[in-house]
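Structure first, then comments.
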Amino acid sequence: MHAVQLGGSHYAQYLGMSAGVAALIISCQPLLTAAVASRFLNERLAPGQWAGVFIGLAGVTLVVWHKIDLREVTAGSLAGTLVALAGVTSATLYQKVFSPRSDLKAAAVIQFAASLAVLAPLALAVEGFKFTWAWEMAAAIAFLVIFASILGVMVLYWLLRHGGAARVTSMMYLPPVFAVALELALFGVAPGWLTVLGMAVACGGVAMTVWSPRWRSSTS
């Protein structure tokens with residue numbers, strides 16, 4: 001979950017891929033999860049459910065449209081984001097199928113230990129583990145560790161205990177929406193009309209996926 005998803009996506013941006021392209025590719029996770037869950041986990045998706053998945057992805061596309069720059073996409077950066085997409089999807093499905101009742105605190109410790117074992121040697125071999133300390137970097141690391149890697153993943157796994165994989169992962173369309181809201185609150189960056197439209201579309205797609213009365217998951 002951590003080493004493959006975050007490592008792959010961040011390394012793709014290190015290689016020059018724009019944040020918009022990386023976010024768009026990673027945002028295909030709900031679609032990929034829905035396809036796998038309907039085929040192998042016996043989660044029956046109604047037409048309205050499928051429509052919500054595609055509408056949510058369209059909304060995310062509109063949100064990140066102004067940050068999409070295909071000119072800087074390389075084979076390496078594309079491979080990194082695809083590996084990240086495969087990692088987060090397979091990790092989510094693995095948790096749902098094989099360890100839905102695992103202790104979340106123990107799972108977090110194991111995942112961080114596995115990430116350290118994978119990424120620390122790479123950081124040393126590829127970059128020499130060099131960094132310039134700054135409070136901005138410390139704040140960014142604290143945010144990623146506490147909110148994205150610990151709280152966010154714990155909430156994801158908790159939701160997987162109470163709902164189908166497709167329904168839960170559709171909420172992954174919402175982080176770009178929250179990112180726009182944080183940009184406005186913290187930096188005063190006002191979104192354009194296309195971004196606002198995309199936020200509304202993404203939220204509508206998630207609502208269709210989560211609250212569709214016609215949809216029933218065999219696991220919820």
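Since we're looking at a predicted model, the values are computed, not measured.
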Considering all heavy atoms of both residues, which atom of [X] and which atom of [Y] are nearest to each other, and what is their separation?
X: Val206; Y: Ser170; value: CG2-O, 3.3 Å
X: Ala37; Y: Ala165; value: CB-CB, 4.4 Å
X: Val64; Y: Gly20; value: CG2-O, 3.8 Å
X: Ser38; Y: Leu45; value: CB-CD1, 3.9 Å
X: Pro176; Y: Val60; value: CG-CG1, 4.0 Å

Starting from [Y], can I reach [X] by hopping between I/L/V/M/F/W/Y residues whose side chains sit under 4.5 Å apart?
X: Val168; Y: Met154; value: yes
X: Leu194; Y: Met199; value: yes
X: Val210; Y: Leu156; value: yes
X: Met137; Y: Phe187; value: no
X: Met171; Y: Met1; value: yes

Any side-chain heavy atom of [X] sitting closer than 4.5 Å to one from [Y]?
X: Leu70; Y: Ile68; answer: yes
X: Val88; Y: Val4; answer: no
X: Leu31; Y: Gln29; answer: no
X: Arg161; Y: Leu104; answer: yes
X: Phe112; Y: Ile150; answer: yes
X: Met17; Y: Glu72; answer: no
X: Pro30; Y: Thr209; answer: no
X: Ser27; Y: Leu57; answer: yes

Look up atom [atom1] in [X] and atom [atom2] in [Y], then write down how far apart they are to the nearest 0.5 Å.
X: Tyr173; Y: Cys28; atom1: OH; atom2: SG; value: 7.0 Å
X: Ser115; Y: Ile110; atom1: OG; atom2: CD1; value: 11.5 Å
X: Arg44; Y: Asn42; atom1: CZ; atom2: CG; value: 5.5 Å
X: Cys203; Y: Ile55; atom1: SG; atom2: CD1; value: 12.5 Å
X: His10; Y: Leu119; atom1: NE2; atom2: CG; value: 10.5 Å
X: Arg101; Y: Leu160; atom1: CZ; atom2: CG; value: 11.0 Å

Salt bridge flag under 4.0 Å for residues Lys67 and Glu183 |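 So Lys67 pairs with Glu183 through a salt bridge.
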
Does the side chain to side chain contact (heavy atoms under 4.5 Å, CB included) test come out yes or no for Gln111 and Val153, once each step is laid out?
-> CA-CA 10 Å; Gln111 289 181 2; Val153 173; 3.9 Å; yes

Picking from Val36, Thr33, Val97, what satisfies side-chain contact (heavy atoms from CB on, under 4.5 Å) with Leu41?
-> Val97

Ser102: partners by side chain to side chain contact (heavy atoms under 4.5 Å, CB included), with sequence neighbours left out | Gln95, Ser99, Ala107

Side chain to side chain contact (heavy atoms under 4.5 Å, CB included) between Val21 and Ser18: does it pass, once the steps are laid out?
-> CA-CA 5 Å; Val21 175; Ser18 67; 3.2 Å; yes

Can you check whether Pro191's main-chain N or O pairs, donor with acceptor, with Thr195's side chain at less than 3.5 Å?
-> no

Please confirm whether the backbone N or O of Leu144 pairs with a side-chain atom of Ser149, one donor and one acceptor, at under 3.5 Å?
-> yes

Check whether more than 12 heavy atoms from other residues, nucleotides or ligands sit under 6.0 Å from atom OH of Tyr157, and answer yes or no.
->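 Atom OH in Tyr157 is packed in, count exceeds 12.
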
Using the side chain to side chain contact (heavy atoms under 4.5 Å, CB included) rule, take Leu24 and Thr61 through it: C-alpha gap first, then chi angles, then the decisive distance, then the call.
-> CA-CA 6 Å; Leu24 184 59; Thr61 303; 3.2 Å; yes

Phe54 and Trp50 aromatic ring geometry - parallel, tilted or perpendicular at 30°/60° bounds |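 Taking Phe54 first and then Trp50, their aromatic rings sit tilted (interplane angle of 30° to 60°).
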
Go through Gln49 and Met208 one step at a time and tell me if the side chain to side chain contact (heavy atoms under 4.5 Å, CB included) criterion holds.
-> CA-CA 6 Å; Gln49 180 84 5; Met208 291 176 64; over 6 Å; no

Just by distance, with hydrogens left out, do Thr92 and Thr89 show a side-chain donor and acceptor under 3.5 Å apart?
->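 There is no such pair (donor and acceptor under 3.5 Å, judged by atom type) between the side chains of Thr92 and Thr89.
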
